[in-house]
Structure formats: structure tokens, C-alpha cells
Amino acid sequence: MSIITLARTRGVVALAVLAAAGVGVNPAQAATHRATYRVTGADSRGLAVQSEPRAGHVIRYVANGTALNVVCQINDGGQVDGKAHRGRPFTTWDRLSDGTWVYDWYMTTPTVGADGYSPGIKRCGTKSALPSPASGCVDWPASKFLQTPLTRAANSGAGYAWQNGSYYDEGFHKGCGSATTMNQHYALDLGMKLGDPVLAPGGAGTVKYAGWAPKGWQTCGQYVVVDHGGGWWSVVCHLERIAVRTGQKVTENTIVGTVGGTGGFAPHLHFSLMRNAKITSDGGVYGGQSARPRHVRHLGCIAGHYDHIAKGQKICY
């Protein structure tokens, strides 16, 4: 068990007395066109399930013989282990029903044809590459620490949550670079229970503001803003309880508060990332740019990272 795992566990124990009430979480919707195939030929760790259709984006590993629901295929992903087919690099990947990817070479799907697709399996019909950031937005640097803001206590000890509620550019998740509003285009909602502990997504930093959102920002309810250096901030909203104070130094293991529904919502966690934003004297964040989460580290589901978070995705602590 890593030091980080122990620290997160201790933080959970410290908050064990907090009340928790249920709130539904919606799993990612499974595609209507899918078939079950099995993993074959994986190494001692198993077959890597990736957040993107190329190596280096591992979410978890699955053992030989594991049944996986394949929704569709692409033939323009990354090459793995130098595999080649018909004299060309093998770049076929299978998209699973939860939105993740596996390298098709190690699956029992039908042998791919000259077009790079297995007969009888649907083509995904979407580009495999991550789309460019929305105009006026930025990416959180992959070199800068970023983590999922939940702990192993999430959702009655499940240790994960589903991205549900609003997604990018939905609901209150608007704005990339407005000079007068709180830019939230790339904010995310996670289905969590009342009282679940919350971490600052960007890890170590200094609390810029902790308290009730002022007039004009009321829909955030109780929220915490953390300055992670270099102009990068994170925000977590709708907290039931705040466990830090303005000016406090925090680490990646500091519990900054607990999930709530303040601001007029059902309990869930809203979090966002920003670059070069400003804050009013009474705690209202505005300006700067909304940042898209990239290379988000997690400890659960076999430690790894999410290169980006898809709509409806399962997110581990």
C-alpha cells in the first residue's frame, strides 16, 4: 500500500462520524450494439484497459479469459508491442461499453481484414484523437499534478463515482474565457453521497477561499478554491461541510470538505480547474480560462490515470 493510499485512508477515518445519506448515481449508458469477446495473450499484469486508444493511458488491467463488451472499433489508434498485420502497423482498438479502450490484437474478436476492422463489428464513427480544447479554454498541463477529488470512502466505500449530471458546456458548465464570469466550460459533476470526503483536484497548494459563495455565485453554495501555483486554481462546489480555512496550506491528501447539495442542488460534487482567474474581496471567482482535466491520477481500480474524462465515465478514487 502506498503512502498516498494510507494518507487518504486516514483522512477518511477522521471523517467517519459524518452523516451520509443516499443519492442515486447513474452508470454510463451501454451502447445498443455490442458483443462479448475475451482477452487472450495478455502479459503477467493482464491486458491494459486504456482511457485513450494508444499505450500509456492505463486505467486498469484485466486477466486472460476476461469477458469484455466491445461496442465498436477504430483502425487509427496507436501501435503496441511493434505488432504488424499485412505488412503494416497494427492500429486496431476496441471501444468497450464504458468508453474505455483495449488493443484488439489481444482480443478474441474476428481477425481484422485489409481495412483494419474485424468483420461484423461496428466502426466507432468518431475520431480516436482527443478533440482540441474549446475556443478560449486551455488544457491542464499533463506535467502538473492532478487527481480525482474523491477517496476510497466514496459512495459507501465503493471508491468510485460516475460522471453524471452536467458535462462540458451543459447546464451551468459554461464559459471558456469570459472576463466577467466564473468560467466553467470544463467543470465536471460526480455522483456522490452526502458527506463523502472531498480532496482538492490539483493537490498541494494554498486555500484561496473557503466559505459560502457570495452574491452572484450563489449556485456554488459552500465552496473551496485552491491555488496550485503558476496561475492554476481548482474549485469544488456544493459542499455540505468545509474542513479548511482561507490561507491554509494543503497537500494532495488534505480533506477540504464533504459532498453536499448547497446552492440548490441534489448532493453531488462539482469541480473545475482554471488558469489565471481572479477573485473578488468577498470570494467570487471570475475571469481567466476554464481548463480541461488531463492526466488525472487515481489510486483505485489498479492505480493509473485518465488522460481525459468522458461523459458518463466511471471515476475511481
Side-chain angles (χ1 to χ4, degrees), residues 4-5 7-29 51 59 98-99 146-168 170-173 184 186-203 210 212-213 219-226 234-244 250 252-273 293 296-301 303 305-306 308-317:
I4 293 176
T5 305
R8 287 201 189 184
T9 303
R10 291 190 188 111
V12 171
V13 172
L15 288 172
V17 297
L18 295 173
V23 59
V25 288
N26 298 324
Q29 292 183 346
S51 62
I59 294 175
D98 64 356
L146 188 61
Q147 66 183 352
T148 58
L150 57 158
T151 74
R152 66 165 68 244
N155 290 313
S156 301
Y160 63 82
W162 296 93
Q163 187 287 316
N164 67 357
S166 296
Y167 189 63
Y168 303 152
E170 297 176 353
F172 286 96
H173 300 193
Q184 297 286 283
Y186 281 120
L188 285 166
D189 287 340
L190 298 182
M192 295 173 68
K193 288 188 174 182
L194 186 71
D196 278 350
V198 174
L199 304 169
W212 284 94
T219 56
C220 265
Q222 290 202 93
Y223 79 145
V224 172
V225 182
V226 177
S234 69
V235 174
V236 288
C237 292
H238 313 312
L239 301 178
E240 174 202 33
R241 175 181 177 272
I242 290 175
V244 292
V250 299
E252 68 269 24
N253 303 310
T254 302
I255 304 298
V256 299
T258 59
V259 170
T262 56
F265 296 89
H268 72 282
L269 180 65
H270 169 111
F271 76 94
S272 64
L273 307 164
V296 188
R297 305 174 196 190
H298 62 91
L299 299 177
C301 305
H305 68 266
Y306 305 120
H308 100 113
I309 294 175
K311 187 172 184 177
Q313 183 175 325
K314 177 181 176 180
I315 315 261
C316 293
Y317 79 93

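Heads up: numbering here begins at 1 and tracks the sequence. Nothing here was measured: the structure is a model prediction, and the numbers come from that model.
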Student check: side-chain heavy atoms of Tyr160 and Ile315 closer than 4.5 Å: no

Using a 4.5 Å cut-off on heavy atoms from C-beta on, say whether the side chain of Gln163 contacts that of Lys311. yes

Crowding at OH, Tyr168 (>12 non-hydrogen neighbours, <6.0 Å): yes

Would you kindly say whether Glu240 and Thr258 are connected by a side-chain donor-acceptor distance under 3.5 Å? yes

Donor-acceptor contact below 3.5 Å, side chain [X] vs main chain [Y]:
| X | Y | value |
| --- | --- | --- |
| Asp98 | Gly312 | no |
| Asp189 | Ser166 | yes |
| Gln184 | His173 | no |

Rounded distance (nearest 0.5 Å) linking atom [atom1] of [X] with atom [atom2] of [Y]:
| X | Y | atom1 | atom2 | value |
| --- | --- | --- | --- | --- |
| Thr148 | Leu190 | OG1 | CG | 8.5 Å |
| Tyr167 | Tyr186 | OH | OH | 8.5 Å |
| Tyr306 | Lys314 | OH | NZ | 7.5 Å |

List the residues meeting ring pair (Phe, Tyr, Trp, His ring centres under 6.0 Å) with Tyr223, not counting sequence neighbours, and say none if there are none. Tyr209

Please say which of Leu199, Val244, Val224, Ile255 ends up in a side chain to side chain contact (heavy atoms under 4.5 Å, CB included) with Val250. Val244

Residues in side chain to side chain donor-acceptor pair (under 3.5 Å) contact with His305, at least two apart in sequence or another chain: His295

Please identify each residue that fulfils side chain to side chain donor-acceptor pair (under 3.5 Å) with His238, with sequence neighbours left out. none

Give the C-alpha distance, both sets of side-chain angles, the deciding distance and a yes or no for side chain to side chain donor-acceptor pair (under 3.5 Å) between Gln222 and Thr262. CA-CA 6 Å; Gln222 290 202 93; Thr262 56; 5.2 Å; no

Carboxylate-amine/guanidinium contact Arg297 Glu252, below 4.0 Å: no

